[in-house]
Amino acid sequence: MEKRKSLAAYAAENGCTYWIETYGCQMNAHDSERLAGILASVGFAPAEEMGQADLILFNTCCVRDNAEKKLFGNVGKLKQKKRQNKKLLVGVCGCMMQQADVAEKLADTFPFVNIIFGTHNMAALPEMLYAAIFLGERTLAVSDQEDLPDETPALRAKPPLSAVNIMQGCDNFCSYCIVPYVRGRERSRSSEEILREVRGLAKAGYQEVMLLGQNVNSYGKGLAENIDFAGLLERVAEETGMKRIRFMTSHPKDASQRMLDVMARHENICRQLHLPVQSGSSRILRLMNRRYTREDYLELIRRVRETLPGMTLSTDIIVGFPGETEEDYQDTLSLVREVRFDAAYTFVYSIRRGTRAAAMEGQIDEKEKQRRIVGLVDLQGQITYESNLAHVGRRELVLVEDESRRDAGHVCGRTDGGKMVNFPGEPSLIGQFMPVEITQAKKTTLYGRRIDGDTQA
């Protein structure tokens, strides 16, 4: 506590600022909000741009192979800046640093980096800063056990959007995925703790919450209370006052009919579902250790559409997995044609050290992987465009999120199904629900016009 007081006094006296550069998924983005909350608790304020910051912190992701190259390149660019400003602090944290060999490599490559820590050491950030500022010490902290939970609230972006972690870690061990090794095994938060946080967000003016977990459908395992994800989702819908609720990610093998029935009963649970399929080939799914078949997945999609007509569906797909034949690839394309996802996040398989797939035979040539990803992207792009075209002429209720970056004098927001819409409007509309008629569709975005009538604050 004394260290934190001394650090806060130093930060206040010197007007210390920070900049957090975030890579990766929404879990990482929310971790950055928690880091910002920790820094605010010891007197650091956000900088307007990286070049003005006294502390530059990289919050890393390790899902893709090129993430390491990108990070090392960006950290290396600060070497000259560090020489010019001896007081500048540089830190690297997150999933990539939870891999001890990568953390040690970064420490050896860039001696000017002051603090390096993994996902389990976040709460100790003030002590690491104290050591760097007052003692001139460098910290490398990669623990197998998570710090005691930090009670500092996340420093979130302004309303209307928010995110809440309901669990951490993953027990699935898909053969291509490093997440269980860097995030640890599944750990669920108590339902009361989650409900309290969501209620607080609703009272603070947030209109939408995203419930986050590596596999939200596994929520509840290991808790003393008898609750599953469907039960939690229903309580959040009924007891918090939150107007829109989304969640991700759902593992198809654990997506229950009970969850779908809860979604159907509550209008404030958005009609959007992200179900990563990864491959359309049962043989490749088995090699990936996904624990469902192509037929299982298609049956799940049938139940989703029967229970929730009009549901917006998105997915993740990997091409070029070790041993993937042309027939396997064509199975993926045919599944995409059959399901007709509204959107898909598509990836070329890349080797991640420490995963079983890295040692598998039949690694695919890079040129062939590129051919396959181009074919998949082209197919899904056309389907997404056709999905967007089907919205033209419809009336949608859009939660206005921000000013449009593309069109001056426009604002943007999402439909209940998660479709992004741009339409003419003023910044004063941010945080309101606006009825909009869709007038035009492009490949990834809808355009519309406001419908005169009531708005919802």
Side-chain angles (χ1 to χ4, degrees), residues 3-4 7-8 10-11 14-62 67-68 70-82 84-99 102-107 109-143 146-147 150 152-157 163 165 182-183:
K3 289 182 179 180
R4 295 195 178 210
L7 183 59
Y10 173 87
N14 292 275
C16 291
T17 59
Y18 68 87
W19 179 272
I20 303 176
E21 192 78 6
T22 306
Y23 303 89
C25 67
Q26 288 176 295
M27 294 283 286
N28 276 28
H30 186 52
D31 280 351
S32 289
E33 292 180 335
R34 291 181 60 204
L35 289 165
I38 292 169
L39 290 168
S41 74
V42 291
F44 279 68
E48 291 187 4
E49 56 185 55
M50 181 187 284
Q52 298 175 351
D54 301 295
L55 166 66
I56 298 173
L57 191 58
F58 294 92
N59 184 14
T60 65
C61 170
C62 62
E68 185 176 318
K70 182 177 180 180
L71 171 71
F72 275 59
N74 288 340
V75 173
K77 292 176 184 177
L78 295 180
K79 184 175 182 179
Q80 186 61 34
K81 188 172 180 63
K82 183 79 170 175
Q84 296 168 352
N85 180 7
K86 299 296 184 184
K87 290 187 177 181
L88 173 65
L89 298 174
V90 178
V92 185
C93 64
C95 292
M96 193 182 297
M97 295 304 100
Q98 192 60 35
Q99 298 172 280
V102 180
E104 290 167 4
K105 177 183 174 183
L106 185 129
T109 305
F110 304 113
F112 62 82
V113 175
N114 303 94
I115 53 177
I116 301 170
F117 59 100
T119 55
H120 295 168
N121 302 91
M122 190 183 304
L125 176 56
E127 285 70 26
M128 299 180 211
L129 289 173
Y130 181 93
I133 293 169
F134 293 99
L135 306 177
E137 294 180 356
R138 194 180 188 211
T139 302
L140 173 58
V142 182
S143 172
E146 190 171 22
D147 288 344
D150 187 272
T152 305
L155 186 61
R156 304 174 190 273
N165 279 345
V182 296
R183 288 280 184 178

Look only at the side chain of Q98 and the backbone of T119, and say whether a donor-acceptor pair between them is shorter than 3.5 Å.
yes
Check whether N114 reaches the backbone of G91 with its side chain - one donor and one acceptor, N or O, closer than 3.5 Å.
no
Separation between CD1 of I38 and CZ of R34, rounded to the nearest 0.5 Å
6.0 Å
Locate the shortest heavy-atom distance separating A141 from N121; write the atom from each residue and the value.
O-OD1, 3.2 Å
One should read off an interatomic distance between K87 NZ and K82 NZ, to the nearest 0.5 angstrom, of 12.0 Å
Which heavy atom in A103 sits nearest to a heavy atom in M97, and how many Å separate them?
CB-O, 3.6 Å
Minimal non-hydrogen separation, K70 against Y23, with atom names
CE-CE2, 3.9 Å
To the nearest 0.5 angstrom, please state how far the CE atom of M128 sits from the CD atom of E137.
13.0 Å
Does NZ or CZ of K105 lie under 6.0 Å from the centre of the six-membered ring of F72, at an angle within 45° of the ring axis?
yes
Judged by atom type as modelled, is there a donor-acceptor pair below 3.5 Å linking the side chain of T60 to the main-chain atoms of M96?
yes
Could you go through the side-chain contact (heavy atoms from CB on, under 4.5 Å) check for L125 and I115 one step at a time?
CA-CA 9 Å; L125 176 56; I115 53 177; 3.6 Å; yes
What residues form a salt bridge (charged side-chain N to carboxylate O under 4.0 Å, His left out) with K81, not counting sequence neighbours?
none
Run the side-chain contact (heavy atoms from CB on, under 4.5 Å) check on L129 and L39 step by step: do they pass?
CA-CA 10 Å; L129 289 173; L39 290 168; 3.6 Å; yes
Name the residue from D31, I116, L35 that meets the side-chain contact (heavy atoms from CB on, under 4.5 Å) definition with C93.
L35
Side chain of T109, backbone of L106: donor and acceptor closer than 3.5 Å?
no
Please tabulate, for the side chains in residues 48-57, all donor-acceptor contacts under 3.5 angstrom to protein atoms that are two or more places apart in sequence or on a different chain.
residue : atom : partner : partner atom : Å
D54     : OD2  : T17     : N            : 2.8
D54     : OD2  : T17     : OG1          : 3.2

Are the side chain of R138 and the backbone N or O of A107 linked by a donor-acceptor pair below 3.5 Å?
yes
Could you check if a side-chain atom of E21 sits within less than 4.5 angstrom of a side-chain atom of N74, using non-hydrogen atoms only?
no
Between F112 and L78, is a side-chain contact (heavy atoms from CB on, under 4.5 Å) present by the stated rule, with each step listed?
CA-CA 9 Å; F112 62 82; L78 295 180; 4.2 Å; yes
Is there a donor-acceptor contact under 3.5 Å from the side chain of N59 to the main chain of N28?
yes
Is there a side-chain contact (heavy atoms from CB on, under 4.5 Å) between L89 and Y18? Walk through the geometry before answering.
CA-CA 9 Å; L89 298 174; Y18 68 87; over 6 Å; no
Identified side-chain contact (heavy atoms from CB on, under 4.5 Å) counterpart of F58 within the set L71, T22, I20:
L71
